[in-house]
Amino acid sequence: MSLAGLLLAWYDANKRELPWRQDKDPYKIWVSEVMLQQTRVEAVKAYFERWLERFPTLEDLAAAAEEEVLHYWQGLGYYSRARNLLKGVREVQAQYNGRIPDTKEKMKTVAGVGDYTAGAIVSIAYNKTATAVDGNVLRVFSRLYCWREDNALSSSKRQITEWVLQNMEVSRPGDYNQAIMDLGATICIPAVPRCSLCPLETVCQARRRGLEQVVPFRRKKMAVKTVRVVAGIVQDGGAFLLRQRPAKGLLAGMWEFPATEIADTETDDFGAYRRMMAEKLGQQVEREGLFWQSRHVFSHRQWDIVFYRCRLIKKGDLPAGKNIVWLEPSAWSRLAFAGPHRQVAEKLEKELQNI
DNA sequence: AATCCGGGGGG
DNA sequence: CCCCCAGGATT
């Protein structure tokens, strides 16, 4: 039997039941594919269900405000995905009258849709012969062909895409693509693959050579920079001071308690914070006590963050613009909080309810 | 080609 | 703890 035959027979018996596999609505496929970018299936499920309750159709999403869209994405990470999805959906609404294109070439021109996502959408929703090469597919095929070069290289991706296409079952392109992903997620996993359960064990060249734990070749990991951050919880009556992060960069556009990065060598962390509050935000604050501290790890950076509860000595005028506001907890629900600030906001809300 | 962009859970 | 995940945009 052909590679695709073995694969699809396995898939038919073992495919995962997932919320976005209930039908082939291209809008739902699109949403799921964007959520799944660099994000595990288990983490996506609940977000996907909530999303579809609020934005059941492409038209509903296209009409939504970005702020609300971000709120429904809060906690999933890579927030540009949400912004680009909204942008892309609006493009399709405007340029294609709300009908999602059925060719990979057209889909790739839409915001937030790259080679992988375009291929996944048209193969799954429209049964078009198109490759969708993600991390799973790279791993599975680099093992099948015992490819000994770094999969991060564009040359590796080009070669593997060619193999994926050569072996494609053209009668079921969507299932073929998803079958490889399911195999990669459950059997052909990164460190120690479960080869004895694999339908492709007999045709896998890495397995034949005993190299299934060596392939794919792993690239060196990047250094993670540690940054100290001080944040303050400043209250005036029932309102707390909140600030929106810049529109570009880390956690773009997300809300947080006013915070500042401080040097490793700084011994008086609150002193640095007090100065920042006075100079940049025009507020005089004093430390009341430690509220919370935590370590937040990003892919390329690490925050060691301390939240101090502050007393407002003298309330000043806030800098012009809408990026910093006094806001009561009842109005927080529509905001998207940045990383660890979300946990602190939830703790504060809980604390206030108990009083 | 290299870097940036989050968060979470598997192993 | 380490790894890396149904990647895309930007430079």
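These figures come from a predicted structure and were not determined experimentally. Labels below follow one simple rule: chain letters A, B, ... track the order of the sequence lines, proteins then strands, and each chain is numbered from 1. Quick note: numbers below take in every heavy atom, side chains included, and nothing from hydrogens, waters or symmetry partners.
Note: A/N151 CG to A/R139 CZ = 9.5 Å, rounded to the nearest 0.5 Å.
If you take CZ of A/R301 and C1' of B/dG7, they are 16 Å apart, rounded to a whole angstrom. To the nearest angstrom, P of B/dC5 lies 21 Å from CG of A/L85. Counting to the nearest Å, the C1' atom of C/dC5 and the NZ atom of A/K45 are 15 Å from each other. We find that CD1 of A/I124 is positioned 13 Å from P of C/dA6, with the value rounded to whole Å. Per the geometry, CZ belonging to A/F48 stands 16 Å off P belonging to C/dA6, to the nearest Å. A/I29 has its CD1 atom 11 Å from the C1' atom of C/dA6, to the nearest Å. Protein atom CZ of A/R245 is 12 Å distant from nucleotide atom C1' of B/dC5, rounded to whole Å. In this entry the distance linking OH of A/Y11 with C1' of C/dA6 reads 12 Å, nearest Å.
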Symbol by symbol from the 5' end, with Watson-Crick or G-U pairs under 3.5 Å, [ ] crossing and | another strand, DNA chain B is |||||.|||||

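For the OP1/OP2 pair of C/dA9 and a distance below 4.0 Å, the side-chain nitrogens and oxygens of A/R81 include no atom meeting the criterion. Proximity of A/Y79 to the phosphate of B/dG7: a side-chain N or O atom is located under 4.0 Å from OP1 or OP2.
The environment of A/D268 atom CG is dense: over 12 non-hydrogen atoms of other residues, nucleotides or ligands sit within 6.0 angstrom.
Looking at A/Y176, its side chain never comes within 3.5 Å of a backbone N or O of A/L8 through a donor-acceptor pair.
Here the closest heavy-atom approach between residue A/R309 and residue A/L348 is recorded as NH1-CD2, 3.8 Å.
Note: A/Y145 and A/W163 meet the aromatic proximity criterion, with ring centroids under 6.0 Å apart. For A/Y47 and A/W51, the distance between ring centers is not under 6.0 angstrom.
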Using the 3.5 Å cut-off, write out each protein N or O paired with an N or O of nucleotides 8-11 of chain B and the distance between them.
| unit_1 | atom_1 | unit_2 | atom_2 | d |
| --- | --- | --- | --- | --- |
| B/dG8 | N2 | A/R40 | NE | 3.4 |
| B/dG11 | OP1 | A/R194 | NH2 | 3.1 |

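Cation-pi geometry between A/R287 and A/Y308 is satisfied (NZ or CZ under 6.0 Å from the ring centre, within 45° of the ring normal). For the pair A/K15 and A/W10, the cation-pi criterion (under 6.0 Å, within 45° of the ring axis) is not fulfilled.
Using a 4.0 Å heavy-atom criterion, one finds that A/V113 contacts the sugar-phosphate atoms exclusively. Note on A/T39: a base of the nucleic acid sits closer than 4.0 angstrom, heavy atoms only. Note on A/A132: nothing from the nucleic acid sits closer than 4.0 angstrom, heavy atoms only. Among the heavy atoms of the strands lying under 4.0 Å from A/N84 are primed sugar atoms or P, OP1, OP2 only; no base atom is included. At the heavy-atom level, A/R21 lies under 4.0 Å from base atoms of the strands shown. Residue A/T117 is in sugar-phosphate contact alone, with no base atom involved, counting any heavy-atom pair closer than 4.0 Å across all strands shown. At the heavy-atom level, A/L18 lies under 4.0 Å from base atoms of the strands shown. Note on A/G184: nothing from the nucleic acid sits closer than 4.0 angstrom, heavy atoms only. Among the protein residues, A/W20 comes within range of the nucleic acid bases, having at least one heavy atom under 4.0 Å from a base atom.
The side chain of A/L36 has C/dA6 as its nearest neighbour among C/dG7, C/dA6, C/dA9. Relative to the side chain of A/P190, the nucleotides B/dG7, C/dC4, C/dA6 differ in distance, and C/dC4 lies closest.
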Apply salt bridge (charged side-chain N to carboxylate O under 4.0 Å, His left out) to A/R21 and A/D182, showing your working.
-> CA-CA 13 Å; A/R21 285 183 176 171; A/D182 273 23; 2.9 Å; yes

Residues A/F55, A/Y27; criterion side chain to side chain contact (heavy atoms under 4.5 Å, CB included); working and verdict | CA-CA 10 Å; A/F55 312 114; A/Y27 164 70; 3.5 Å; yes

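One C1' atom belongs to B/dG8, the other to C/dA9, and the distance between them is 23 Å to the nearest Å. As rounded to the nearest Å, B/dT3 and C/dA6 have P atoms that lie 24 Å from one another.
Heavy-atom nearest nucleotides on DNA chain C were determined for A/D134 and for A/V110, and the one closer to the 5' end corresponds to A/D134. Nearest-nucleotide positions on DNA chain B place A/L153 closer to the 5' end than the other of A/L153 and A/G339. Between A/K87 and A/Q38, the residue anchored closer to the 5' end of DNA chain C is A/Q38, taking for each the nucleotide with the nearest heavy atom.
Looking at A/R207, A/R209, A/R208 one by one, the single match for side-chain hydrogen bond (donor to acceptor under 3.5 Å, both in side chains) with A/Q205 turns out to be A/R209.
One donor-acceptor pair, N or O on each side, does fall under 3.5 Å between the base of C/dA6 and the side chain of A/R16.
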